[in-house]
Protein chains: 2
Amino acid sequence: MSGGEFNSWQSVQAEVLRRINAREWKPGEFIPNEAELAIEFNCARATVNRALRALADTGLIDRRRKAGTRVALHPVRKATLAIPVIRSEIEGKGQSYRHSVLVEERVAPPPDVRARMRTGPGDRLVHLVTLHLADGKPYVFGDRWINPKAVPAIETADLKAQSANEWLVANVPFEGGDFSFSAMTAGKREAEILACKEGEGLFVIDRSTWNQDQVITSVRLTFAPGYRMHTEI
Amino acid sequence: MSGGEFNSWQSVQAEVLRRINAREWKPGEFIPNEAELAIEFNCARATVNRALRALADTGLIDRRRKAGTRVALHPVRKATLAIPVIRSEIEGKGQSYRHSVLVEERVAPPPDVRARMRTGPGDRLVHLVTLHLADGKPYVFGDRWINPKAVPAIETADLKAQSANEWLVANVPFEGGDFSFSAMTAGKREAEILACKEGEGLFVIDRSTWNQDQVITSVRLTFAPGYRMHTEI
DNA sequence: CAGGTTAATATGTATATACTTATAATCCAT
DNA sequence: ATGGATTATAAGTATATACATATTAACCTG
């Protein structure tokens with residue numbers, strides 16, 4: 001019974017994975033507790049803990065104190081996604097990167113943006129529309145709003161040299177953010193900026209980042225047709 | 001100098017985060033090594049390790065043996081994404097779930113699918129087109145190919161009662177998968193199935209799952225207009 | 001039997017210690 | 001200089017032990 005050589009948390013993880021895959025432990029079922037597995041695998045409980053914690057992070061098993069550990073009913077639910085950093089993404093493909101600022105203004109935002117940014121009625125925000133080009137061809141454009149109350153230094157930043165995203169990443173810490181991914185239909189404006197046809201389906205990322213209760217910036221990235229975001233598990 | 005009460009890895013993590021956010025440790029800079037931080041925080045090195053490892057997992061810091069730990073240049077690069085399980089997603093919103101099978105056949109696939117599934121020239125695959133409805137309205141449809149060599153039991157499964165995805169999740173273990181997210185333009189077929197207008201932008205997920213070198217299944221989910229996938233960091 | 005208290009238990013975490021491994025830095029011979 | 005061996009270092013990991021914490025399960029008590 002007492003198994004073979006399981007002296008690394010990876011090997012324990014691999015064996016647990018094998019049993020789950022082989023349906024020795026079926027979805028929804030409890031698996032033995034850490035202490036029992038440690039004895040079986042002839043290793044320390046901390047090693048088993050490390051292995052199981054890693055599996056729990058991926059969503060393959062569910063763990064609760066006192067209750068125990070069970071195989072998740074829907075084994076695959078989480079994937080790690082790399083958020084694109086436009087410049088590196090383009091340069092990583094061996095293409096040249098360039099960007100140009102289409103709009104730079106300080107205005108009172110439309111109601112939807114005001115709601116998203118949680119700013120007062122009279123507040124004016126920095127509004128930037130930036131086009132990013134790969135090998136000279138439109139790749140994505142960003143429609144961005146920045147709250148100068150959260151980022152006073154934005155007033156003096158030179159956003160011609162460095163894109164707003166790069167400047168913000170380098171100069172403004174933030175605590176949280178949320179992302180959403182969707183599709184839209186290219187209208188006249190998008191078709192013009194991205195040099196595509198009206199009515200094409202475009203991939204869109206909306207992102208906002210905040211500190212405490214203040215929204216720092218909110219941006220919509222609209223990608224040229226053909227863009228794909230990829231991940232593995 | 002020797003800090004206050006840092007007796008949990010979370011508190012160490014919080015303090016490291018604070019220093020990064022406060023730019024006490026700037027992007028690209030090295031931070032003190034684990035041993036030094038352990039002394040400063042008056043805790044065990046393992047505790048510091050746990051905290052830093054968690055931060056490295058999110059992409060906020062980069063770590064390498066011997067070299068040390070530095071603050072990442074592009075702080076935010078990874079997000080955990082919940083892969084939607086259609087039925088739960090719909091029922092979770094309090095809507096009723098229903099699905100119907102539009103196509104169920106066993107045929108030799110077109111060349112692009114054959115390449116993706118890595119099957120031989122003569123091989124026939126199970127092809128399923130399934131529409132998922134929320135409160136009776138089209139929500140998403142899946143165009144799926146299954147390799148019966150990798151999943152012999154598929155022949156006898158009743159895919160009317162349970163959707164192919166649910167059946168596969170419950171019955172077929174797999175080792176890896178890849179996902180890609182993109183947008184497409186609704187053509188005649190998509191418009192018909194999803195009851196939307198031709199030319200609308202649709203959100204698309206392509207997914208395949210495999211075991212060793214065998215591709216088990218490959219599916220394209222095409223969502224009705226308005227779908228958004230959301231995540232936080 | 002309902003409802004609240006208590007005990008039992010599995011995971012979660014902290015610690016000291018020891019050893020492993022990747023690799024940057026140094027040294028040395030050519 | 002150049003390239004190859006050596007060394008020093010920081011992260012990575014394993015382990016025994018101890019204690020914390022969230023729950024479940026068992027036990028009262030009215």
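Reminder, nothing fancy here: chain letters follow the sequence lines and each chain counts from 1.
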| field | dT13(D) phosphate, OP1 or OP2, under 4.0 Å from Q10(A) side-chain N/O | value | yes

| field | Euclidean distance, atom CG of residue L37(A) to atom P of dA10(C) [Å, nearest integer] | value | 12 Å

| message | I'd like to know if the side chain of D178(B) and the backbone of T231(A) have a donor-acceptor N/O pair within less than 3.5 Å. | response | no

| task | Could you tell me the separation between the CZ atom of R65(B) and the C1' atom of dC19(C), rounded to a whole number of Å? | result | 12 Å

| query | Of all the nucleotides listed (dA16(D), dA11(D), dT13(C)), which has the minimum atom distance to the side chain of E34(B)? | reply | dA11(D)

| note | Among dT9(C), dA14(C), dA11(D), the one nearest any side-chain atom of K66(A) is dT9(C)

| query | Across the strands shown, which category fits R45(B) at heavy-atom distances under 4.0 angstrom: base, sugar-phosphate, nothing? | reply | base

| query | For W9(A) and dT20(C), what is the distance between atoms CH2 and C1' respectively, to the nearest whole Å? | reply | 16 Å

| query | Could you give the CD1-to-P distance, from I31(B) to dT9(D), as a whole number of Å? | reply | 19 Å

| Which part of the nucleic acid, if any, lies within reach of E36(A) when heavy atoms closer than 4.0 Å are counted: base, sugar-phosphate only, or nothing? | nothing

| Whole Å only: how far is the CZ atom of R70(A) from the P atom of dT11(C)? | 12 Å

| said: Parallel, tilted or perpendicular, judged at 30° and 60°: which one describes the rings of Y227(A) and Y139(A)? | reply: perpendicular

| task | Rounded off to whole Å, could you give me the CG-to-C1' distance for the D62(B) and dA22(C) pair? | result | 16 Å

| From dA22(D), dA14(C), dA11(D), pick the nucleotide closest to the side chain of N33(B)? | dA11(D)

| said: Is the phosphate of dA10(D) approached by T69(B) (side-chain N or O, under 4.0 Å from OP1 or OP2)? | reply: no

| message | As a test of understanding, state which of E40(B), E34(B), E36(B) forms a salt bridge (Lys or Arg N to Asp or Glu O under 4.0 Å) with R45(B). | response | E34(B)

| said: Checking contacts here: which listed nucleotide (dG12(D), dA10(C), dT13(C)) is nearest the side-chain heavy atoms of R53(A)? | reply: dT13(C)

| message | Nearest heavy atom decides the nucleotide; on that basis, is R64(B) or N7(A) closer to the 5' end of DNA chain D? | response | R64(B)

| How close or far is atom C1' of dA16(D) from atom CG of N42(A), stated in whole angstroms? | 14 Å

| remark: Of the candidates dT11(C), dA25(D), dA16(C), the side chain of R63(A) sits closest to dT11(C)

| request: Please work out if N49(B) contacts a base, only the sugar-phosphate, or nothing of the nucleic acid, heavy-atom cut-off 4.0 Å. | output: base

| query | Where the side chain of D135(A) meets the backbone of K137(A), is there a donor-acceptor pair that is under 3.5 Å apart? | reply | no

| note | From the candidates dT11(C), dA14(D), dA8(C), the one with an atom nearest any side-chain atom of T47(A) is dA14(D)

| message | What is the separation between atom CG on L52(B) and atom C1' on dA11(D), rounded to the nearest whole Å? | response | 10 Å

| request: Return yes if some donor-acceptor pair links the side-chain N/O of S208(B) with the main-chain N/O of T217(B) below 3.5 Å, else return no. | output: no

